[in-house]
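Below you'll find the structure, written out as C-alpha cells, and then a few comments.
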Amino acid sequence: MSEIEYVRGDATAPQGKGVKLIAHVCNDLGGWGKGFVLAISRRWPEPEAAYRRWHRERAGNDFGLGAVQYVQVAPYLWVANMVGQRGTRTGSKGVPVRYEAIDAALGSLAGKAEELGASVHMPRIGCGLAGGKWSRIEPLIAGRLTARGISVTVYDHEG
C-alpha cells in the first residue's frame, strides 16, 4: 500500500510525470467563489464553467452530494469537481463538510484514476471553508485511493 505524499506547494501545479487528476471539494449550491476554486479558476476557466452548467442542469444529471465531474484542462491534466459539502456556512446544522459524500466521491475518483492511469493531487480537501477535520478525511483517501495503489500527493500551500 502506498502512502499519501505531503509536499509544500500549489495543487494547481501538480508535480511529477504522467496523467494527473487534481481533486477538490465543491458545495451542493452551485456556488464557486471562495477557497481553492479561485486558484483553479485563475489557471483554467473550464472547471468553473462546467461546474456551473452541471448545477444549472441538475434536474437532468447526477449533480448532488457524492457526485464527481471530470474536466480535462490539458492533454494530461484533469480537474475533479467533487460535491462534498452541503451549503457553504457553518451554522446550527454544523460544518458544511459531508464525509460520506467525500468518501463516495473518492470512490468514483479511484475508478477514474485507474482508467486514466493517473496520479491524484489535491489540497487538504474538505478542511478549509467546508470545516472538516483532516483526521477524518485522510483515512478516506487511504481507503479509497492509496489502498488501491493510486499515488496521492497532498499540497500544503506555502505562506
* Decide side-chain contact (heavy atoms from CB on, under 4.5 Å) for Val7 and Val154; before the verdict, give the C-alpha distance in whole Å, the side-chain angles of both, and the deciding distance to 0.1 Å. => CA-CA 6 Å; Val7 298; Val154 172; over 6 Å; no
* ring-ring contact (aromatic ring centres under 6.0 Å, His included) contacts touching residues 86-113 (sequence neighbours left out) -> none
* What residue pairs, at least two apart or across chains, pass ring-ring contact (aromatic ring centres under 6.0 Å, His included) with a residue in residues 68-96? -> none
* Closest heavy-atom pair and its distance - Ala105, Ala67 -> CB-O, 4.5 Å
* Structure fact -> On a heavy-atom basis, the closest approach of Val83 and Gly64 is CB-O, 3.2 Å
For [X], all residues meeting side chain to side chain donor-acceptor pair (under 3.5 Å), sequence neighbours excluded:
X	answer
Arg53	none
Glu114	Arg148
Thr12	Asp10, Arg43

* To do: Could you pull out all residues at least two apart from Arg144 that satisfy salt bridge (charged side-chain N to carboxylate O under 4.0 Å, His left out)?
  => Asp103
* Structure fact -> With sequence neighbours left out, the residues meeting salt bridge (charged side-chain N to carboxylate O under 4.0 Å, His left out) with Glu48 are Arg52
Considering only distance and modelled atom types, tabulate donor-acceptor pairs under 3.5 Å from the side chains of residues 18-29, sequence neighbours left out.
| residue | atom | partner | partner atom | Å |
| --- | --- | --- | --- | --- |
| Lys20 | NZ | Gly16 | O | 2.9 |
| Lys20 | NZ | Gly18 | O | 3.2 |
| His24 | NE2 | Asn81 | OD1 | 2.6 |
| Asn27 | OD1 | Leu29 | N | 2.8 |
| Asn27 | OD1 | Gly30 | N | 3.2 |
| Asn27 | OD1 | Gly31 | N | 3.2 |
| Asn27 | OD1 | Tyr51 | OH | 3.1 |
| Asn27 | ND2 | Gly31 | O | 2.8 |
| Asp28 | OD1 | Gly87 | N | 2.7 |
| Asp28 | OD2 | Arg86 | NH1 | 2.9 |

Do [X] and [Y] come within less than 4.5 Å of each other through their side chains, counting heavy atoms only?
X	Y	answer
Val152	Glu3	no
Gln15	Thr153	no
Val97	Ile102	yes
Gln69	Phe63	no

* **Residue among Gln85, Arg98, Met82, Glu100 satisfying side chain to side chain contact (heavy atoms under 4.5 Å, CB included) with Leu65** => Arg98
Say whether [X] and [Y] are linked into one hydrophobic cluster, either directly or through other cluster members, by side-chain heavy-atom distances under 4.5 angstrom.
X	Y	value
Val79	Val68	no
Leu116	Leu106	yes
Val120	Val71	no
Ile40	Tyr155	no
Phe36	Trp54	yes

* To do: Give every residue pair that meets the side-chain hydrogen bond (donor to acceptor under 3.5 Å, both in side chains) criterion with at least one member in residues 125-134, sequence neighbours excluded.
  => Tyr6-Trp134
* Asked: Donor-acceptor pair, Gln72 side chain versus Leu77 backbone, under 3.5 Å?
  -> no
* To do: Return each pair, listed once, that meets salt bridge (charged side-chain N to carboxylate O under 4.0 Å, His left out) where at least one residue sits in residues 55-81; pairs must be two or more places apart or across chains.
  => none
* **Residue list, side chain to side chain contact (heavy atoms under 4.5 Å, CB included) with Arg42, at least two apart or on another chain** => Leu38, Ala39
* To do: Check step by step if side-chain contact (heavy atoms from CB on, under 4.5 Å) holds for Glu138 and Ile4.
  => CA-CA 9 Å; Glu138 187 182 47; Ile4 298 170; 3.7 Å; yes
Name the atoms and distances for all side-chain donor-acceptor pairs under 3.5 Å in residues 123-130, with sequence neighbours left out.
| residue | atom | partner | partner atom | Å |
| --- | --- | --- | --- | --- |
| Arg124 | NE | Asp156 | OD1 | 2.7 |
| Arg124 | NH2 | Asp156 | OD2 | 3.0 |

